Amino acid sequence: MSEYKSKILVIEDEQDIREGIVSLLEDQFTVSTAASGLSGLKEAIRNKPDLIVLDLNLPDFDGYQVCKSLREEADFKTIPIIILTAFNESDDRVRAFDTGADDYLAKPFSNAELISRINRKLNVVKDMF
Ligand code: CA
């Protein structure tokens, strides 16, 4: 088996949440981070992650704009994007999916659920038995 670790980019402006996600994921994945929409887009282009965890409420571009911009790039047409947000109305979820998100997780989220959703998107099947 190769030891390739999937690359995950976490775009989240709240430091506590960002660091929490990094410590949650760093054993299993290669994690990079960005604290704003623009720096997230730049990091995505530079680093070509395998999956992006994207906060909606960011200081510059919001997550919808980031998602839409990524989907306009050939390299990011199909990359899994999981939206994290404190907004959890049906309209917000619809808008997230309409702009190209693959999944949506409301804050506060459970760590186990985030990991499980990431693994599903990366087609990791855990050997549980
Ligand atoms: Ca935020």
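In each ligand, atom 1 is the first atom listed, and ligand 1 is the first ligand listed. For the single chain, residues carry numbers from 1 onward in sequence order. What you see is a predicted model; the values in this text were computed from it and never measured.
Remark: Glu72 engages Lys68 in a salt bridge, criterion side-chain N to carboxylate O under 4.0 Å. Comment: Arg117 engages Glu113 in a salt bridge, judged by a side-chain N to carboxylate O separation of less than 4.0 angstrom.
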Let's go through Lys121 and Asp102 carefully: what are the C-alpha distance in whole Å and the side-chain angles of both, what is the deciding distance for salt bridge (charged side-chain N to carboxylate O under 4.0 Å, His left out) to 0.1 Å, and is it a yes or a no? CA-CA 8 Å; Lys121 295 295 171 211; Asp102 293 283; 5.5 Å; no
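The side-chain tip of Arg71 does not point at the ring of Phe76 from less than 6.0 angstrom away and within 45° of straight on.
You'll find the side chain of Tyr64 reaches within 4.5 Å of the side chain of Asp92, heavy atoms only. Between Asn119 and Phe29 there is a side-chain heavy-atom pair separated by less than 4.5 Å.
Legend: protein N/O/S atoms lying under 3.0 Å from the Ca ion (ligand 1), waters omitted, number 4.
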